[in-house]
Amino acid sequence: MTHDLIVVGGGPGGYVAAIRARQLGLKTALVEREQLGGICLNWGCIPTKALLRTAEINHLLHHLEAHGFSAEAVRFDLAKIVARSRAVAKKLSAGVKFLMKKHAVEVVDGQARLAGPGRVVVERGGQGVAELAAPHVILATGARPRALPGLEPDGERVWTYKEAMVPERLPGALLVVGGGAIGVEFASFYRDMGSEVILVEALERILPAEDEEISALAHKSFAKRGIRIHTGATVQSLQRAGEGLTAVIDLGGGSLSPVTVERVILAVGITGNVEDLGLETTRARVEKGHLVVDQWLATDEPGLYAIGDVVGPPWLAHKASHEGVICVEHLAGVADVQPLDVHDIPACTYCRPQIASIGLTEAAARAAGRNIRVGRFPYQANGKAIAMAEPEGLVKTIFDADSGELLGAHLIGTEATELIGGFAIAKTLETTAAELMRTVFPHPTLSEMLGEATLAAWDRALNI
Ligand SMILES: Cc1cc2nc3c(=O)[nH]c(=O)nc-3n(C[C@H](O)[C@H](O)[C@H](O)COP(=O)(O)OP(=O)(O)OC[C@H]3O[C@@H](n4cnc5c(N)ncnc54)[C@H](O)[C@@H]3O)c2cc1C
């Protein structure tokens with residue numbers, strides 16, 4: 001054996017697993033074929049958040065009158081905006097390289113493939129560069145965009161998230177296909193930067209994983225911003241037309257609507273990177289494009305584990321990292337390791353207004369037969385939100401009516417993605433409504449809404 005553990009893939013799942021393994025004294029190798037940090041740091045979470053921050057600033061610069069400013073002829077340089085986003089990604093990827101060195105993780109640059117139990121061969125440019133062996137192998141190979149027949153990305157006019165992140169110029173009109181978190185973030189970014197945006201979602205509502213009330217509020221807010229949204233709709237065909245594209249949108253019920261746009265962004269989900277991994281030499285199973293694992297992230301092949309996007313939803317960086325830690329601690333025999341509870345994983349969408357949630361939606365709680373109490377507290381009743389000139393939004397809580405257990409929390413509004421952390425702690429600690437009601441939140445802060453939305457569930461909110 002050359003190592004105690006081999007990790008394939010250096011995204012937030014793989015690199016965090018490798019660090020935890022080193023902390024536990026395991027001799028660890030990490031194989032990465034592209035850039036350390038994976039999709040998250042290089043082409044996902046981080047560069048999009050840099051762009052969305054820019055979009056937020058652009059929005060503010062055009063709404064300065066609320067704060068007593070006036071500014072004319074505010075301009076931006078798209079090349080500089082993209083360059084900043086890329087620089088942020090590069091800095092963080094370099095940060096992972098530093099962390100690997102600091103923790104003495106042996107990084108192998110190349111494409112890894114399983115070659116029998118505990119054996120991994122690494123190639124670069126078609127040449128073998130390493131043969132590794134370990135009793136434990138973790139696959140953290142991530143995922144890639146899913147394509148729809150007839151809607152294949154061409155890298156030029158039909159974009160995936162990668163091209164959408166590095167535009168050379170701002171499209172005048174843009175069609176975003178897919179109303180999940182990624183589609184909505186790009187719709188929000190491009191609209192704030194000045195593009196005409198059409199958003200098409202096949203399901204009945206945008207952000208379908210979110211609480212219905214929150215996705216309805218998001219829909220209303222985006223529509224007010226001029227984003228044209230079609231739900232229950234699909235793109236029937238896409239054809240090049242002059243410099244742009246003509247898309248025929250099937251609005252349902254036989255109604256077809258042609259639109260001409262300059263660019264299309266496809267955001268219709270992702271599929272796991274399970275190919276060319278040598279899985280045929282193992283007993284590991286793949287279902288619906290993802291590796292099947294148990295609660296300890298073990299595949300059906302002894303000693304072979306998988307974490308992060310390659311094992312399926314929710315496709316989130318923090319889920320990948322936590323799975324990495326749990327997997328390594330369990331295989332290393334650490335006592336008291338807990339499996340990850342999907343209801344304790346927060347999900348955030350960094351559009352404007354921001355959306356964040358954790359746990360059961362109201363509909364899911366009712367469908368599960370829970371006797372629930374629902375609390376709602378609007379941003380417009382919060383002093384800090386008004387002082388910030390950000391009164392749009394809602395904090396919604398779902399509690400078990402009998403035990404007071406926090407079952408879910410759903411937010412839309414400024415800094416919702418920061419606020420959800422409070423509910424994440426509360427949920428993980430199995431905090432009850434009574435304990436949340438006793439919690440002293442500082443005034444004036446947006447966080448006061450966490451307390452108020454809890455009180456509201458028992459008709460005791462103080463400021464509405
Ligand atoms: C546009 C966009 C925005 C996003 N925003 C957010 C967000 O705000 N918050 C959030 O939580 N999540 C977000 N995500 C999702 C997040 O990026 C993923 O959930 C996360 O990156 C998954 O981590 P991972 O380690 O499983 O895989 P990845 O980050 O995909 O890393 C996998 C790595 O494995 C490498 N690899 C694959 N196969 C091999 C092989 N055979 N040999 C060697 N190396 C290999 C790849 O090169 C890659 O670096 C976003 C995604 C996108 C696309």
Side-chain angles (χ1 to χ4, degrees), residues 6-18 29-53 85 89 92-93 96 107-115 120-124 129-130 132 137-146 159-166 176 178 180-186 188-189 265-279 290-291 293 297 306-324 327 345-351 354-356 417 420:
I6 302 164
V7 181
V8 180
Y15 90 75
V16 168
L30 182 145
V31 190
E32 171 55 56
R33 65 183 177 191
E34 288 175 35
Q35 294 141 312
L36 289 171
I39 294 296
C40 169
L41 266 50
N42 296 289
W43 295 104
C45 324
I46 296 295
T48 50
K49 266 78 264 180
L51 293 176
L52 285 156
R53 169 78 174 138
S85 164
L92 283 157
S93 179
V96 176
V107 177
V108 184
D109 173 12
Q111 167 97 16
R113 195 165 37 78
L114 298 166
V120 173
V121 293
V122 186
E123 290 183 349
R124 198 177 328 125
V129 289
L132 311 172
V137 177
I138 298 179
L139 299 175
T141 52
R144 60 183 185 280
R146 207 159 64 89
W159 291 345
T160 67
Y161 56 77
K162 272 200 179 176
E163 295 82 26
M165 233 174 279
V166 290
V176 178
I182 293 176
V184 158
E185 285 188 0
F186 280 117
S188 187
F189 168 76
I265 298 177
L266 295 177
V268 291
I270 61 172
T271 183
N273 291 326
V274 293
E275 297 79 8
D276 302 327
L277 281 177
L279 288 174
H290 293 94
L291 274 158
V293 289
L297 295 312
I307 58 171
D309 278 5
V310 75
V311 302
W315 296 288
L316 294 166
H318 42 284
K319 175 250 188 192
S321 300
H322 272 266
E323 285 181 344
C327 177
I345 305 173
C348 297
T349 307
Y350 300 74
C351 47
Q354 293 185 354
I355 289 154
T417 58
I420 197 69

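Both counts, for ligands and for their atoms, begin at 1 and track the order of listing. Quick note: numbers below take in every heavy atom, side chains included, and nothing from hydrogens, waters or symmetry partners. The chain is numbered in sequence order, starting from 1.
Looking at His318, its side chain does come within 3.5 Å of a backbone N or O of Pro346 through a donor-acceptor pair. Listed for the Thr141 side chain is a donor-acceptor partner under 3.5 Å among the backbone atoms of Asn273. Remark: side-chain polar atoms of Thr160 are paired, donor with acceptor, to backbone N or O of Lys162 under 3.5 angstrom.
Open room surrounds CG on Asp276; 12 or fewer heavy atoms of other groups in view lie less than 6.0 Å from it. Applying the 6.0 Å contact sphere to CZ of Arg144 captures more than 12 heavy atoms from other residues, nucleotides or ligands.
Shortest contact from atom 11 (O) of ligand 1 to any protein heavy atom: Ala317 N, 2.8 Å. Nearest non-hydrogen protein atom to atom 27 (O) of ligand 1 is Gly142 CA, 3.3 Å. Ranking protein heavy atoms by distance to atom 2 (C) of ligand 1, first place goes to Gly44 CA, 3.4 Å. Ranking protein heavy atoms by distance to atom 15 (C) of ligand 1, first place goes to Trp315 O, 3.6 Å. Remark: minimum distance from atom 30 (O) of ligand 1 to any protein heavy atom is reached at Ile39 CG1, 3.2 Å. Considering only non-hydrogen protein atoms, atom 34 (O) of ligand 1 sits nearest to Gly9 CA, 3.2 Å. If you check which protein heavy atom lies closest to atom 32 (C) of ligand 1, you get Ala140 O, 3.3 Å. Given atom 35 (C) of ligand 1, the protein heavy atom at minimum distance is Glu32 OE1, 3.3 Å.
In this comparison of Gly110, Gly37, Gly308, Pro12, the heavy atom closest to atom 23 (O) of ligand 1 sits on Pro12. Scanning Gly11, Gly38, Cys45 for the heavy atom closest to atom 4 (C) of ligand 1 points to Cys45. Of the candidates Leu41, Asp309, Val310, Val122, it is Asp309 that places a heavy atom closest to atom 22 (C) of ligand 1.
Taking every heavy atom of Val31 and a limit of under 4.0 angstrom, the matching atoms of ligand 1 come to 43 (C), 44 (N). Set against the non-hydrogen atoms of Ala320, the atoms of ligand 1 under 4.0 Å away are 23 (O), 26 (O). Each of the atoms 11 (O) of ligand 1 lies under 4.0 Å from some heavy atom of His318. Of all atoms in ligand 1, listed by their number and element, those nearer than 4.0 Å to a heavy atom of Gln111 are 41 (N), 42 (N). Counting atoms of ligand 1 from 1 in the listed order, those under 4.0 Å from a heavy atom of Leu316 are 10 (C), 11 (O), 12 (N), 19 (O). Here is the list of ligand 1 atoms found below 4.0 Å of a heavy atom in Thr48: 1 (C), 3 (C).
Taking the side chain as every heavy atom from C-beta outward, Glu323 and Val311 approach each other to under 4.5 Å. Looking at Thr48 and Phe186, their side chains come closer than 4.5 Å, going by heavy atoms from C-beta outward. Within the 4.5 Å cutoff, the side chain of Glu32 has no heavy atoms near those of the Val96 side chain.
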Full working for side chain to side chain contact (heavy atoms under 4.5 Å, CB included) between Leu51 and Tyr350
CA-CA 10 Å; Leu51 293 176; Tyr350 300 74; over 6 Å; no

Exercise for review: Applying side chain to side chain contact (heavy atoms under 4.5 Å, CB included), run through His290 and Trp315 and close with a yes or a no.
Suggested key: CA-CA 11 Å; His290 293 94; Trp315 296 288; 3.2 Å; yes

Apply side chain to side chain contact (heavy atoms under 4.5 Å, CB included) to the pair Val120 and Leu114, showing each step before the final yes or no.
CA-CA 5 Å; Val120 173; Leu114 298 166; 4.0 Å; yes

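Within the 4.0 Å heavy-atom cutoff, Lys49 counts among the residues contacting ligand 1. Within the structure, ligand 1 lacks Ala164 among the residues with a heavy atom less than 4.0 angstrom away. Ligand 1 has at least one atom lying under 4.0 Å from a heavy atom of Gln35.
Taking only nitrogen or oxygen atoms, main chain and side chain alike, Cys40 reaches within less than 3.5 Å of ligand 1. Considering backbone and side-chain atoms alike, Ala112 places an N or O below 3.5 Å from some N or O of ligand 1. No N or O atom of Leu277 sits closer than 3.5 Å to an N or O atom of ligand 1. When only interatomic distances are considered, the shortest N/O to N/O separation between Ile182 and ligand 1 does not fall below 3.5 Å. Checked by distance only, ligand 1 and Gly13 come closer than 3.5 Å through their nitrogen or oxygen atoms. Any N or O atom pair closer than 3.5 Å counts here, and Asp276 shares no such pair with ligand 1. Among the atoms of Arg33, some N or O lies under 3.5 angstrom from an N or O of ligand 1.
Rounding to the nearest 0.5 Å places CD1 of Ile39 at 9.5 Å from SG of Cys45. Atoms CE and CD, on Met165 and Glu185 in that order, are 9.5 Å from each other to the nearest 0.5 Å. Atoms CG and CG, from Leu291 and Leu139 in turn, are 6.0 Å apart once rounded to the nearest 0.5 Å.
Contacts with ligand 1 closer than 4.0 Å are made by side-chain heavy atoms of Val8 only, the backbone lying farther away. At a heavy-atom cutoff of 4.0 Å, ligand 1 is contacted by both the backbone and the side chain of Thr141.
Pro47 and Cys40 make their closest contact through CD-O, 3.7 Å (heavy atoms, listed as atom of the first residue, atom of the second, distance). Here the closest non-hydrogen pair linking Phe189 and Leu52 is CB-CD2, 3.9 Å.
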